[in-house]
Amino acid sequence: MKVIDHIKNAEGKTLFSFEIIPPVKGKNIQELYDNIDPLMEFKPPFIDVTTSREEYVYIDRDGLLDKKLTRMRPGTVGICASIKHKYDVDTVPHVLCGGFTREETEYLLVDCHYLGIQNVMALRGDAMKEEKYFNPIQGGHTYAIGLVKQIQNLNRGKYLHEVIETDECADFCIGVAGYPEKHLEAPSLQSDLKRLKEKVDAGADYVVTQMFFDNQKYFQFVEAAKAMGINVPIIPGIKPIAIKRHLQLLPQVFRIDIPQELIEAVDDCKNNAAVRQIGIEWAIQQSNELKAAGVPVLHYYSMGKSDNIKAIAKGVF
Ligand code: FAD
């Protein structure tokens, strides 16, 4: 079922969902299942599976270093299919511009259609680790809106090189990313919101936000989005702080603010177990306020670990 239909069917009740990341190459899927199992009691109607950007590895060939591109965490669509069938839950693969040609994206979407996957998140992807700015590959999209348009075309039977109109066409529900504290490259929040509106006008059905730690940022963002004519559901993304280093890392990577009260609480912690507990308590507080405000879904960034997400869900659902 589509994410937007899950939201409609919930009739105002806030749903629980979460995002997982594929294991690194060489591992099997069991650890992922072990982390999903404890969260199923909260009945997520859908689970997101991220896609990682490719990265460079250097292979020693007789003393010369050979630079090769590889994906450390492949398997997004396969994981989506296995989770969907194991748990009878909808899955949402993240589809990236970065590193994929339009043709590869088309084949990926065809795979999703055959597997009964009805939702996709259309994302640009970040710059590669070694690059300062995002660079599309030849034949790939530059912005997420290109993906949204390609997916919408496919929904109408318009493939890249042919039109195939049947009543068995794909009918993907499309999610896109939104940034309550603006995307790091956007010149202003207002211009970023305009870009978001363009994605919605191109056919995005819902928005999932970047993590934030101050609910006021989300509420203001939703208000500004509505004022701009964005009328699709805006799902808040929540990430619990789990280690002390997150205080530097998260603002650096995502350009988000951390409230002073949370900084002080984390600073006072003697060890990472205490930090994890603070993160859980903060996320529960945040989630309960968002739930009381009637958000459609609370979407948690699990980073592959379920213990803290379970503790949060227990305090909220
Ligand atoms: P876009 O919507 O393309 O926007 C990127 C930037 O370009 C913004 O600053 C925007 O304002 C600007 N822009 C947009 N259109 C135009 C235009 N036409 N002209 C000029 N400027 C424009 N990354 C991954 O690698 N894998 C994942 O699985 C993943 N999942 C994510 C899930 C969520 C919920 C979120 C919030 C982010 C996720 N990301 C993921 C990170 C995401 O890929 C990055 O934040 C990326 O830098 C931007 O992606 P976007 O889809 O928002 O890009």
Side-chain angles (χ1 to χ4, degrees), residues 3 17-23 46-55 71-77 79-80 91-100 105 108 119-129 131-137 140-151 174-212 217-218 221 224-225 228 230 232-239 250-256 295-304:
V3 166
S17 75
F18 60 96
E19 174 183 297
I20 54 169
I21 53 177
F46 61 92
I47 299 172
D48 277 51
V49 184
T50 63
T51 294
S52 65
R53 283 291 325 253
E54 70 279 41
E55 50 196 275
R71 238 170 252 278
M72 295 300 186
R73 296 173 182 270
T76 300
V77 172
I79 292 169
C80 281
T91 46
V92 188
H94 290 191
V95 181
L96 297 188
C97 304
F100 293 91
T105 297
L108 186 148
N119 303 282
V120 289
M121 271 295 278
L123 299 148
R124 190 195 69 177
D126 282 320
M128 283 175 62
K129 271 186 197 149
E131 293 176 346
K132 194 149 191 241
Y133 301 104
F134 175 85
N135 284 308
I137 61 163
H141 295 289
T142 307
Y143 295 107
I145 188 171
L147 270 181
V148 175
K149 288 179 180 168
Q150 182 178 356
I151 300 163
I174 307 169
V176 289
Y179 302 84
E181 298 177 62
K182 104 173 176 59
H183 182 256
L184 56 124
E185 293 160 30
S188 73
L189 186 55
Q190 192 67 5
S191 91
D192 204 26
L193 267 169
K194 276 191 184 168
R195 298 303 184 189
L196 180 59
K197 170 87 163 57
E198 286 168 6
K199 291 192 279 191
V200 172
D201 289 347
D205 297 289
Y206 68 100
V207 177
V208 182
T209 76
Q210 183 58 277
M211 67 186 75
F212 55 89
K217 301 252 165 88
Y218 169 84
F221 177 70
M228 198 170 269
I230 297 172
V232 297
I234 300 182
I235 297 173
I238 309 285
K239 178 182 163 46
L250 300 178
Q252 189 191 0
V253 176
F254 302 108
R255 308 288 156 83
I256 49 166
V295 299
V297 183
L298 284 162
H299 185 71
Y300 294 93
Y301 297 116
S302 81
M303 307 307 289

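Both counts, for ligands and for their atoms, begin at 1 and track the order of listing.
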Trainee: Checking a contact table here: which protein heavy atom is nearest atom 6 (C) of ligand 1, and how many Å away?
Mentor: His183 ND1, 3.5 Å
Trainee: Relative to the heavy atoms of Leu96, which atoms of ligand 1 are at a distance of less than 4.0 Å?
Mentor: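 With Leu96 as reference, the close atoms of ligand 1 come out as 24 (C), 25 (O), 26 (N).
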Trainee: In a check of side-chain contact (heavy atoms from CB on, under 4.5 Å) between Ile79 and each of Pro93, Pro74, Pro22, which one passes?
Mentor: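 The residue from Pro93, Pro74, Pro22 that satisfies side-chain contact (heavy atoms from CB on, under 4.5 Å) with Ile79 turns out to be Pro22.
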Trainee: Could you tell me if the side chain of Phe100 sits less than 4.5 Å from the side chain of Leu147, heavy atoms only?
Mentor: no
Trainee: Starting from atom 42 (C) of ligand 1, what is the nearest protein heavy atom, named by residue and atom, and what distance separates them?
Mentor: Tyr179 OH, 3.8 Å
Trainee: By number and element, which atoms of ligand 1 are closer than 4.0 Å to a non-hydrogen atom of Ala186?
Mentor: 9 (O), 11 (O)
Trainee: Looking only at distances, can you tell me whether any N or O atom of Ala144, backbone or side chain, sits closer than 3.5 Å to an N or O atom of ligand 1?
Mentor: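 Checking ligand 1 against Ala144, an N or O pair does fall under 3.5 Å apart.
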Trainee: Looking at Met121, which atoms of ligand 1 are within less than 4.0 Å of one of its heavy atoms?
Mentor: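 Matching atoms, with element in brackets: 34 (C).
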Trainee: With a 4.5 Å heavy-atom cut-off, do Cys97 and Phe134 have their side chains touching?
Mentor: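 In short, these two side chains touch, coming nearer than 4.5 Å.
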Trainee: Quick check: does Glu19 get an N/O under 3.5 Å from an N/O on ligand 1?
Mentor: no
Trainee: For the backbone of His183 and the side chain of Asp192, can you confirm whether one donor and one acceptor N or O come within less than 3.5 Å of each other?
Mentor: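 Between the backbone of His183 and the side chain of Asp192 there is a qualifying donor-acceptor contact (under 3.5 Å).
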Trainee: At less than 4.0 angstrom from any non-hydrogen atom of Asp192, what atoms of ligand 1 do you find?
Mentor: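 So the atoms of ligand 1 that pass are 8 (C), 9 (O), 10 (C), 11 (O).
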Trainee: Please check if the side chain of Thr209 supplies one atom and the backbone of Gly237 the other of a donor-acceptor pair under 3.5 Å.
Mentor: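 A pair under 3.5 Å: yes.
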Trainee: Between Ser302 (side chain) and Glu19 (backbone), is there a donor-acceptor pair under 3.5 Å?
Mentor: yes
Trainee: Using only atom types and a distance under 3.5 Å, with no angle test, would you say the side chain of Lys182 pairs donor to acceptor with the backbone of Arg255?
Mentor: no
Trainee: For the residue pair Ile234 and Tyr218, establish whether any side-chain heavy-atom pair is separated by less than 4.5 Å.
Mentor: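 Yes - at least one pair of side-chain heavy atoms lies under 4.5 Å apart.
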Trainee: Between Arg53 and Ala127 (side chain of the first, backbone of the second, donor and acceptor by atom type, cut-off under 3.5 Å), is there such a pair?
Mentor: no
Trainee: Do me a favour and list the nearest non-hydrogen protein atom to atom 23 (N) of ligand 1 with residue, atom name and distance?
Mentor: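 Protein heavy atom with the smallest distance to atom 23 (N) of ligand 1: Gly125 CA, 4.1 Å.
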Trainee: Report yes if some heavy atom in the side chain of Tyr179 is under 4.5 Å from a heavy atom in the side chain of Lys217; otherwise report no.
Mentor: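 No, side chains not in contact.
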Trainee: Can you figure out which of Glu198, His94, Glu185 has its heavy atom closest to atom 28 (O) of ligand 1?
Mentor: His94
Trainee: Evaluate the side-chain proximity of Val3 to Asp205: yes if any heavy-atom separation is below 4.5 Å, no if none is.
Mentor: no
Trainee: Going by the atom numbers of ligand 1, which of them fall below 4.0 Å from some non-hydrogen atom of Thr50?
Mentor: 28 (O)
Trainee: Is there a nitrogen or oxygen of Thr51 sitting under 3.5 Å from a nitrogen or oxygen of ligand 1?
Mentor: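 Thr51 vs ligand 1: N/O contact under 3.5 Å present.
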Trainee: Any nitrogen or oxygen of Asp126, side chain or backbone, less than 3.5 Å from one on ligand 1?
Mentor: yes
Trainee: Is atom 4 (O) of ligand 1 in close reach of the protein, with a heavy atom under 4.0 Å away?
Mentor: no
Trainee: Heavy-atom contacts with Gln210 under 4.0 Å: which atoms of ligand 1 show up? List them by number with element.
Mentor: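 What qualifies from ligand 1 is 36 (C).
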Trainee: Among all protein heavy atoms, pick the one closest to atom 35 (C) of ligand 1 and tell me residue, atom and distance.
Mentor: Ala177 CB, 3.7 Å
Trainee: Who's the nearest protein heavy-atom neighbour of atom 33 (C) of ligand 1, and how far?
Mentor: Tyr301 OH, 4.0 Å
Trainee: Counting non-hydrogen protein atoms only, what is the nearest one to atom 29 (C) of ligand 1? Give residue, atom name and distance.
Mentor: Leu123 CD1, 3.6 Å
Trainee: With a heavy-atom distance limit of 4.0 Å, tell me whether Phe134 approaches ligand 1 through its side chain, its backbone, both, or neither.
Mentor: neither
Trainee: Taking the basic N atoms (NZ, or NE/NH1/NH2) and the acidic carboxylate oxygens, is any pair closer than 4.0 Å for Arg124 and Glu185?
Mentor: yes
Trainee: Provide, to 0.1 Å, the distance between atom 7 (O) of ligand 1 and the closest protein heavy atom, together with that atom's residue and name.
Mentor: Tyr143 CE2, 3.4 Å
Trainee: What part of Phe254 sits under 4.0 Å from ligand 1 if we count only heavy atoms: the side chain, the backbone, both or neither?
Mentor: neither
Trainee: Under 4.0 Å, heavy-atom basis, I'd like to know which part of Arg124 is in contact with ligand 1: side chain, backbone, both or neither.
Mentor: both
Trainee: For ligand 1, which atoms have a heavy atom of Val208 less than 4.0 angstrom away?
Mentor: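 Under 4.0 Å from Val208, ligand 1 has these atoms: 34 (C).
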Trainee: Would you call Ile47 and Phe18 a side-chain contact if the rule is heavy atoms closer than 4.5 Å?
Mentor: yes
Trainee: Could you check Thr76, Thr51, Val77, Val120 and say which one makes a side-chain contact (heavy atoms from CB on, under 4.5 Å) with Leu108?
Mentor: Val77
Trainee: Which residue supplies the protein heavy atom nearest to atom 2 (O) of ligand 1, what is that atom called, and how far is it?
Mentor: Lys199 NZ, 2.7 Å
Trainee: By the definition side-chain contact (heavy atoms from CB on, under 4.5 Å), identify the one residue from Thr91, Val49, Thr50 that meets it with Ile20.
Mentor: Val49
Trainee: Any N/O of Arg195 closer than 3.5 Å to an N/O of ligand 1?
Mentor: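 So ligand 1 has an N or O lying under 3.5 Å from an N or O of Arg195.
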